Amino acid sequence: MNLIIVGPQASGKGTQAKLLVQKLGLAYFEAGDILREKTKENSLIGKEIDLWMNQKGKLVPDKIMVQVVAEWLDRTDLSKGVIFDGFPRVVDQYLFLRDLLKKKGLRIDRAIYLKISRSICWKRLRARRICPKCDREFNLITRPPKTDELCDDCQVGLVQRQDDTPELIKRRLKTYEEVTKPLVTLVSKEGILVEIDGEKTVEKVQQDILKHLKKI
Ligand code: AP5
Ligand code: MG
């Protein structure tokens, strides 16, 4: 089964995709994490990605994204299926991915759309914390660390994600409305959209997704 998971910032794409990967054994393309890893490399492409995602809070240009995805697909075992989280995010990226998969004899079976309100996006993003040492994620409201703002594993002080500042959250949400919403409309017309209420608990959202996938 080949899936994409789409939704506004903090709708739970990463949280839900990771659970699906554990349960279904899918290969996992996590656009944001793959890009963040690249910013740690001392390369030209890494510096360009850092500029777009962490300083401007804008989408990384398509020419970089398609290269990153094509390389990843070439080195990944897709035999058990795959879930794309954070990619595609615009109509052109979707058309590119659809063509690339078609060449491999594959297709996107479903697009899971996690629907949440703007106010919940803000609340969740402002409460997200990351361990700078091991990258483990916490949320001060829903998944708090055992000790005040320290990583449970490393005991290192937690930090916010670089793009979780009010200014960049505002910009990311605006981009979502402008360029990702049209993608949701397109996949809906194509009949592959599964709309899920992303405001329920993590466990309930996961159950709702699995219920839909069983019907495939
Ligand atoms: P990316 O890392 O994908 O960030 P995003 O889209 O802003 O989404 P998030 O990762 O913030 O949210 P999420 O939906 O994964 O939610 P999560 O599970 O973490 O992309 C970052 C940047 O990279 C982009 O801005 C862009 O610059 C670049 N980029 C990425 N893809 C690109 C592309 N295709 N093209 C161009 N550029 C691209 O959950 C969020 C929080 O909420 C967590 O704290 C979690 O614990 C909590 N939470 C989750 N579910 C629930 C729940 N049900 N109830 C309560 N809390 C919950
Ligand atoms: Mg994510």
Side-chain angles (χ1 to χ4, degrees), residues 4-21 28-39 45-46 48-70 72 83-97 112-131 135-145 158-165 167-181 183 196-209:
I4 62 179
I5 188 159
V6 66
Q9 285 64 27
S11 52
K13 300 183 292 295
T15 304
Q16 297 300 328
K18 284 179 191 107
L19 292 171
L20 290 172
V21 166
Y28 182 31
F29 180 86
E30 212 281 78
D33 274 2
I34 291 174
L35 294 172
R36 273 184 286 279
E37 277 305 308
K38 290 207 173 282
T39 63
I45 194 171
E48 193 176 346
I49 292 170
D50 181 60
L51 176 73
W52 287 101
M53 71 187 286
N54 293 328
Q55 292 173 49
K56 295 187 181 189
K58 290 191 172 174
L59 291 185
V60 172
D62 282 356
K63 68 171 187 345
I64 296 181
M65 286 314 297
V66 298
Q67 190 188 328
V68 169
V69 175
W72 184 86
I83 183 161
F84 293 93
D85 161 10
F87 185 93
R89 213 175 270 249
V90 302
V91 168
D92 280 352
Q93 292 179 359
Y94 171 70
L95 299 176
F96 167 83
L97 181 65
I112 299 162
Y113 167 46
L114 299 177
K115 196 173 173 197
I116 66 166
S117 67
R118 224 180 146 86
S119 60
I120 300 277
C121 294
W122 273 95
K123 211 166 132 194
R124 287 185 188 171
L125 288 176
R126 296 299 291 149
R128 176 162 59 189
R129 295 290 183 278
I130 314 279
C131 171
D135 290 333
R136 183 166 165 188
E137 244 195 72
F138 296 86
N139 187 294
L140 299 183
I141 304 164
T142 52
R143 216 189 302 159
L158 301 175
V159 295
Q160 287 194 283
R161 213 169 85 177
Q162 238 180 309
D163 57 351
D164 280 346
T165 60
E167 193 196 341
L168 295 195
I169 291 174
K170 212 164 137 191
R171 203 169 294 163
R172 286 155 62 205
L173 286 171
K174 184 165 178 275
T175 305
Y176 173 79
E177 289 295 326
E178 286 170 0
V179 301
T180 308
K181 274 278 187 71
L183 167 64
I196 301 283
D197 177 358
E199 295 191 2
K200 297 180 183 170
T201 62
V202 170
E203 295 72 24
K204 188 74 185 67
V205 173
Q206 180 71 190
Q207 278 172 16
D208 289 348
I209 295 173

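Both ligands and their constituent atoms are indexed starting at 1 by order of listing. Everything numeric in this text was worked out from a predicted model, so none of it was measured.
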> In terms of atom number and element, which parts of ligand 1 are under 4.0 angstrom from non-hydrogen atoms of Gly32?
Replying inline: 1 (P), 2 (O), 20 (O)
>> Taking 4.0 angstrom as the limit and counting only heavy atoms of Thr201, give me the atoms of ligand 1 inside it, by number and element.
In response: 53 (N)
> Would the number of heavy atoms belonging to other residues, nucleotides or ligands and lying under 6.0 Å from NZ of Lys123 be above 12?
Replying inline: no
> What do we get for Asp62 next to ligand 1 when only non-hydrogen atoms under 4.0 Å count, side chain, backbone, both or neither?
Replying inline: neither
>> With a heavy-atom distance limit of 4.0 Å, tell me whether Met65 approaches ligand 1 through its side chain, its backbone, both, or neither.
In response: side chain
>> Just to be sure I'm reading this right: ignoring hydrogens, which of Ile5, Val60, Asn54 gets closest to atom 36 (C) of ligand 1? Compare them by their nearest heavy atoms.
In response: Val60
> Considering only heavy atoms, which of Leu140, Val202, Thr15 lies nearest to atom 17 (P) of ligand 1?
Replying inline: Thr15
>> Out of all atoms in ligand 1, which are within 4.0 Å of some heavy atom of Met53? Include the element for each.
In response: 21 (C), 22 (C), 23 (O), 27 (O)
> What part of Lys58 sits under 4.0 Å from ligand 1 if we count only heavy atoms: the side chain, the backbone, both or neither?
Replying inline: backbone
>> At less than 4.0 angstrom from any non-hydrogen atom of Phe87, what atoms of ligand 1 do you find?
In response: 34 (N)
>> Could you report the tightest heavy-atom contact between Leu59 and Arg89, atom names first, then the distance?
In response: CD2-CD, 3.3 Å
> Looking at residues at least two apart in the chain, or sitting in another chain, which of them share a side-chain hydrogen bond (donor to acceptor under 3.5 Å, both in side chains) with Asp197?
Replying inline: none
>> With heavy-atom distances below 4.0 Å as the criterion, list the atoms of ligand 1 near Gly14.
In response: 13 (P), 15 (O), 18 (O)
> Do Leu173 and Gln9 have side-chain heavy atoms sitting under 4.5 Å apart?
Replying inline: yes
> Going by heavy atoms, is Lys18 under 4.0 Å from ligand 1?
Replying inline: no
>> Are Arg171 and Glu167 packed together at the side-chain level, in the sense that at least one heavy-atom pair is separated by less than 4.5 angstrom?
In response: yes
>> Going by the closest heavy atom to atom 6 (O) of ligand 1, which one wins out of Lys204, Arg128, Lys200, Arg89?
In response: Arg89
>> Using a plain distance cutoff, I'd like to know if Arg143 has any nitrogen or oxygen under 3.5 Å from a nitrogen or oxygen of ligand 1.
In response: yes
> Which residues pass the side-chain hydrogen bond (donor to acceptor under 3.5 Å, both in side chains) test with Arg161, sequence neighbours left out?
Replying inline: Asp163
> Does Glu137 come within less than 4.0 Å of ligand 1, judged by its heavy atoms?
Replying inline: yes
> Should the proximity of Leu59 to ligand 1, defined as any heavy atom under 4.0 Å, be assigned to the side chain, the backbone, both, or neither?
Replying inline: both
